[in-house]
Protein chains: 2
Amino acid sequence: MSRPPHRGRPATIIDVAEAAGVSRQTVTRAMNDMPGISRVTKERVLEVAKELSYRPSRYGRGLVGHSRRTIGLVVDDLTNPYYPQLASAVVSSATERGWNVMLAQTAGAADEAALVADLAAQADVLIGYPRTADGAPHDALVGVPFVHVDAGPSTPGGGVELDATAAMEDLADHLIERGARRPALLDVGTGTVATDRGRSFMRAMATRGVPAVRQTCELSTFGSGASGARALLAAHPGVDAVMAFNDVMACGVLRAMHESGVEVPGQLRLAGCDGLDLGTVVHPALTTLALDMAEVARAAVGMALGMFEGTVPLEGYRTRVRHRLLVRSST
Amino acid sequence: MSRPPHRGRPATIIDVAEAAGVSRQTVTRAMNDMPGISRVTKERVLEVAKELSYRPSRYGRGLVGHSRRTIGLVVDDLTNPYYPQLASAVVSSATERGWNVMLAQTAGAADEAALVADLAAQADVLIGYPRTADGAPHDALVGVPFVHVDAGPSTPGGGVELDATAAMEDLADHLIERGARRPALLDVGTGTVATDRGRSFMRAMATRGVPAVRQTCELSTFGSGASGARALLAAHPGVDAVMAFNDVMACGVLRAMHESGVEVPGQLRLAGCDGLDLGTVVHPALTTLALDMAEVARAAVGMALGMFEGTVPLEGYRTRVRHRLLVRSST
DNA sequence: GGCCAGCTCGTGAACGTTCACGACCCGCTC
DNA sequence: GAGCGGGTCGTGAACGTTCACGAGCTGGCC
């Protein structure tokens, strides 16, 4: 009555109340299955609500306090099979605790800083892989609870450390036992500074008296794994085992070996890292240093929620998740 | 002053205003880079805001109207490589248009109806694959703009139809040209009622005088593709070409063939459907009826936004996206 | 008749933010 | 000195919902 419901504007609780001849509170009671309302009025109100296609505003609800919370998940690219596996676990873990998940993809984004800032404005807590991890944190992220997955010792915010060193020792033993004598590492990155994974592998092999050679690729993609493998075998023809930085690259190596007619594991033993399902699809199935994504997600979500509730500090907190050797057919 | 800022409660704009000795509006100006504020006060306000770790409430903001909108994306299981490929495209498309994406996974959810209802409460628009698609729509979804991906003619809400019939004709020609004479379909579902894809394939082959046999699996997973292929070859030893319901199952077929020593494409030509990246990782790379996920996402997001703005009706609207034959190495 | 209990329903108030508008001060011009 | 314009800042009001509380009615009991 006070305001004419001109079409276009979505209906509010007041529109429904007026149309049904009741008060706001009665509409609330009908919509939320609350007691203190008769069966007939409830049905009438619901009827009117449907008629006006009324949807309660999440903003109005959120303001009064009893709204669901949301986690912002930042991944690089869902097209890379690593991220969906993580995302799936995070969504499951969050759903279990009654939280929602809002997703952002940094790959191909025009302005990543703006993207992350927007996500931070829409979510209560952030989890993920912002690409500018090595440098300073996004300035829009100060004061925002953030859990970095695959954190280093000095990354800002909270962090889940993914530690492969112990599993790397197991892999070294395994490769040597299978007869590897001229192992190689297909690492990622530029220049001579190895990744954590790479360093662990090199050290584990060296410690056992079977030093490995190292080849690097710029990207950690399927294609770069394939070309990296070709370059590696050209430079070091005697190599009889390859540890790839991750499973996706290892699949690339596998493809290159198929095309070169090199048998895996007959002539070359191959291992990856991450434990993706992808590794069971290729032939032979990939031996890998597997990560329990459910555990990673539980750790990250738990930490993020703790930060939100104030029981976990916003900086410096760390949880460690260990890889474990998963022997399949490629070694 | 009026309310003591006891710790625990997050800081509001009023807390900042009082602590900085200014008004709400001045804080707003400082936080949002608005004109009408001197440089010094702006800096002071921002300093205080950081001090109190103030984060503007998205609910307060949303209520006044100028907030971002969000799409709710419902997928079955991100672990199935089909969905991330779709999700990635949807997120990209949504980001481009300034919308956020909230994600929900129905696989393993205790109460899917509640899950979808909650998502509907948190998002302005829904896109996706609710599993109860064949039956009645979720009652919590009436009045909610919803775009069903892979819709049939009678699915509720808006829909993007994924049509493979034309591409299936191309595939039939292709298989026959490559010498297939005893083709088979590895379909999904129970009983004798074929899927759309299955029907198209059977018809295309029959029309060309090369009728195909049909084998069904209960699930459309990798494992069920493998076991289905074994059953198929046991029942019909002479089969020389297989069309699988989707790429994931086709990868399972490939695995079974590797293990049985059947050469692909030498002894058996194999095709999948969807056009997933996964098909380029396996060896040989999978011939497939590819779907342009970017196009699907554009269609779905565009339709959803149209529904939200009222330019597209909430029921019955359809867009068709066609598959196209992508010949790789498995045929 | 008086009282109480239970059911049904309505009325401020509050949540946190932004918009529209007005107030004030300073310096300049006529 | 009056007037004006620009820069700086503050004050209701509004957004849509739920909570706490109270009002009214009905029926039953003493």
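A, B, ... follow the sequence lines: proteins, then strands. Residue 1 opens every chain. Bear in mind that the values here come from a model prediction, so they are computed numbers and not experimental data.
- Comparing Q25(A) and S23(B) against DNA chain D, the residue whose closest nucleotide sits nearer the 5' end is S23(B).
- I14(A) has its CD1 atom 13 Å from the C1' atom of dG10(C), to the nearest Å.
- Among the nucleotides dC19(C), dG16(C), dC9(C), the one closest to any side-chain atom of M34(B) is dC19(C).
- Positionally, the nearest nucleotide of DNA chain C for A11(B) lies more toward the 5' end than for the other of R29(B) and A11(B).
- Within a 6.0 Å radius of CD in E43(B), other residues, nucleotides and ligands contribute more than 12 heavy atoms.
- Between the OH atom of Y54(B) and the C1' atom of dT17(C) there is a distance of 7 Å, given to the nearest Å.
- Residue T12(A) has no polar side-chain atom (N or O) positioned under 4.0 Å from OP1 or OP2 of dC15(D).
- Residues R44(B) and V22(B) are in side-chain contact: their nearest non-hydrogen atoms beyond the backbone lie under 4.5 Å apart.
- In this structure, T28(B) reaches the bases: a heavy-atom distance under 4.0 Å links it to at least one base atom across the strands shown.
- Two residues are said to be in side-chain contact when any heavy atoms from C-beta on lie closer than 4.5 Å; V116(B) and L119(B) fail this criterion.
- Results of the side chain to side chain contact (heavy atoms under 4.5 Å, CB included) test with M307(A) over V147(A), V144(A), D124(A), L126(A) single out V147(A) as the only residue that passes.
- In the interface, the side chain of R58(B) is not paired with the base of dG16(C) through any donor and acceptor atom under 3.5 Å apart.
- Atoms CD (E18(A)) and P (dT11(C)) sit 12 Å apart, rounded to a whole Å.
- Atoms CG (D15(B)) and C1' (dC15(C)) sit 13 Å apart, rounded to a whole Å.
- The CG atom of L63(B) sits 13 Å away from the P atom of dA14(D) (whole-angstrom rounding).
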